[in-house]
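Report on the structure given below.
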Amino acid sequence: MRTRELAVSGAHVFEPEIYRDRRGSFCSPHQNAAFTGALGRQMFPVAQVSTSRSQRGVVRGIHFTAGPDSMAKYVLCTGGRALDVVIDLRLGSPTFGRHDRVELSPDTGAALYLPPGVGHLFVALGNDTTMVYLLSAAYRADRERAVHPLDPALGLDLPTGLEPVLSDRDQDAPALAAARAAGLLPDYAELHGGEW
């Protein structure tokens, strides 16, 4: 398995070898040895596995958690294609404000590790795009935060030719500057002291 750290400190992409034959393909998008080799520790205990299914043009995010109970995420795409954008929203992080993009699909088998406090969004590039999330803590709506995914100050350069479809919550999310002013962004020092 190939691994590399993204432009956001602590975020990694994992790209497994894919075995193909006349029946189809097989891959292992999570391998504990690769995770340990890249991050120096074993995968977090998985408290919850969630899935989402989206049609072409759907944009989900930018979502993140803040505070001492923030969760780590391991994300992969098992159907369709998605462009995942990882954004460092952790105040005080050496890579605050940076972002990186990774295309996820069953064809690549790639998965992303997102440490607590790191934001991400994805854009469904095909119909029936299915995303799987392994979470280090149970999802709690009161702990999740959002920043508007189309905030021009972020410079995310999302794919053209798609009409973005946003949830009401994402449409109403504050821009980065407003989220920062309102104290919604996570604190890197507080999160960095945690295990994940």
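Both backbone and side-chain heavy atoms feed into the values below; hydrogens, waters and symmetry mates do not.
The CZ atom of Arg81 sits 4.5 Å away from atom CG of Leu125, with the distance rounded to the nearest 0.5 Å. Between the CG atom in Leu114 and the OG atom in Ser70 there is a gap of 12.5 Å [rounded to 0.5 Å].
A side-chain donor-acceptor contact under 3.5 Å links Glu5 to the backbone of Gly10. With Gln48 contributing its side chain and Tyr139 its backbone, the two residues share a donor-acceptor pair below 3.5 Å.
Annotation for Asp168: atom CG does not count as buried by contact number, only 12 or fewer foreign heavy atoms lying within 6.0 Å. Within a 6.0 Å radius of CZ in Phe26, other residues, nucleotides and ligands contribute 12 heavy atoms or fewer.
Both Leu134 and Tyr113 are assigned to one and the same hydrophobic cluster, defined by single-linkage of ILVMFWY side chains at heavy-atom distances under 4.5 Å. Hydrophobic clustering (side-chain heavy atoms under 4.5 Å, transitive across Ile, Leu, Val, Met, Phe, Trp, Tyr) keeps Met1 apart from Tyr19. Tracing side-chain contacts under 4.5 Å through hydrophobic residues (I, L, V, M, F, W, Y), one reaches Leu76 starting from Met43; they form part of the same cluster. One hydrophobic cluster holds both Val46 and Val132 under the rule that ILVMFWY side chains link at heavy-atom gaps under 4.5 Å. There is a path of hydrophobic side-chain contacts, each under 4.5 Å, that joins Val75 to Leu6.
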For Tyr74 and Ser136, what are the C-alpha separation, side-chain angles and deciding distance, and is it a side chain to side chain donor-acceptor pair (under 3.5 Å)?
CA-CA 9 Å; Tyr74 196 79; Ser136 67; over 6 Å; no
Identify every side-chain donor-acceptor pair in residues 54-64 under 3.5 Å, counting partners at least two apart or on other chains, and give the distances.
{"from": "Ser54", "atom 1": "OG", "to": "Arg60", "atom 2": "NE", "distance (Å)": "2.8"}
{"from": "Ser54", "atom 1": "OG", "to": "Arg60", "atom 2": "NH2", "distance (Å)": "3.2"}
{"from": "Gln55", "atom 1": "NE2", "to": "Asp128", "atom 2": "OD1", "distance (Å)": "3.1"}
{"from": "Arg60", "atom 1": "NH2", "to": "Arg53", "atom 2": "O", "distance (Å)": "3.1"}
{"from": "His63", "atom 1": "NE2", "to": "Arg169", "atom 2": "NH2", "distance (Å)": "2.8"}
{"from": "His63", "atom 1": "NE2", "to": "Asp170", "atom 2": "OD1", "distance (Å)": "2.8"}
{"from": "His63", "atom 1": "NE2", "to": "Asp170", "atom 2": "OD2", "distance (Å)": "3.4"}

Under 3.5 Å, which donor-acceptor pairs link side chains of residues 84-94 to any protein atom two or more places apart or in another chain?
{"from": "Asp84", "atom 1": "OD1", "to": "His120", "atom 2": "ND1", "distance (Å)": "3.0"}
{"from": "Asp84", "atom 1": "OD2", "to": "His120", "atom 2": "ND1", "distance (Å)": "3.1"}
{"from": "Asp88", "atom 1": "OD1", "to": "Arg90", "atom 2": "N", "distance (Å)": "3.0"}
{"from": "Asp88", "atom 1": "OD1", "to": "Arg90", "atom 2": "NE", "distance (Å)": "2.8"}
{"from": "Asp88", "atom 1": "OD2", "to": "Arg90", "atom 2": "NH2", "distance (Å)": "2.9"}
{"from": "Asp88", "atom 1": "OD2", "to": "Ser93", "atom 2": "OG", "distance (Å)": "2.5"}
{"from": "Asp88", "atom 1": "OD2", "to": "Thr95", "atom 2": "OG1", "distance (Å)": "2.5"}
{"from": "Arg90", "atom 1": "NH2", "to": "Ser9", "atom 2": "O", "distance (Å)": "2.7"}
{"from": "Ser93", "atom 1": "OG", "to": "Thr95", "atom 2": "N", "distance (Å)": "3.1"}
{"from": "Ser93", "atom 1": "OG", "to": "Thr95", "atom 2": "OG1", "distance (Å)": "3.4"}

Do any side-chain atoms of residues 147-162 form donor-acceptor pairs under 3.5 angstrom with protein atoms, and if so which ones, sequence neighbours left out?
{"from": "His148", "atom 1": "ND1", "to": "Leu150", "atom 2": "N", "distance (Å)": "3.0"}
{"from": "His148", "atom 1": "NE2", "to": "Gln171", "atom 2": "O", "distance (Å)": "3.3"}
{"from": "Asp151", "atom 1": "OD1", "to": "Ala153", "atom 2": "N", "distance (Å)": "3.0"}
{"from": "Asp151", "atom 1": "OD2", "to": "Leu176", "atom 2": "N", "distance (Å)": "2.8"}

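For Ala82, the side-chain contact (heavy atoms from CB on, under 4.5 Å) partners are Phe122, Thr129, Met131, not counting sequence neighbours. Legend: residues meeting side-chain hydrogen bond (donor to acceptor under 3.5 Å, both in side chains) with Arg143, ordered by chain and number and at least two apart, are Asp69.
The nearest pair of heavy atoms linking Val8 to His99 is CG2-CA, 4.1 Å. The two atoms that bring Ala138 and Ala47 nearest to each other are N-CB, 3.8 Å, heavy atoms only. In plain terms, the two heavy atoms of Glu103 and Leu83 that are nearest each other are N-CD1, 4.2 Å. Scanning all heavy atoms of the two residues, the minimum distance from Pro106 to Gly79 falls at CG-N, 3.6 Å. Smallest separation of non-hydrogen atoms from Pro29 and Cys27: CD-O, 3.5 Å. Summarising the geometry of Asp142 relative to Arg145, their closest heavy-atom pair is O-NH1, 3.4 Å, with the distance given to 0.1 Å.
In this model, a donor atom of one side chain and an acceptor atom of the other lie less than 3.5 Å apart for Tyr133 and Ser52.
Between Phe35 and Phe14, the distance separating the two ring centers is shorter than 6.0 angstrom.
Contact check for Glu15 versus Val13: side-chain heavy atoms found under the 4.5 Å cut-off. Residues Ser50 and Leu135 are in side-chain contact: their nearest non-hydrogen atoms beyond the backbone lie under 4.5 Å apart.
For residues 23-38, the side-chain hydrogen bond (donor to acceptor under 3.5 Å, both in side chains) pairs, not counting sequence neighbours, are Asp21-Arg23.
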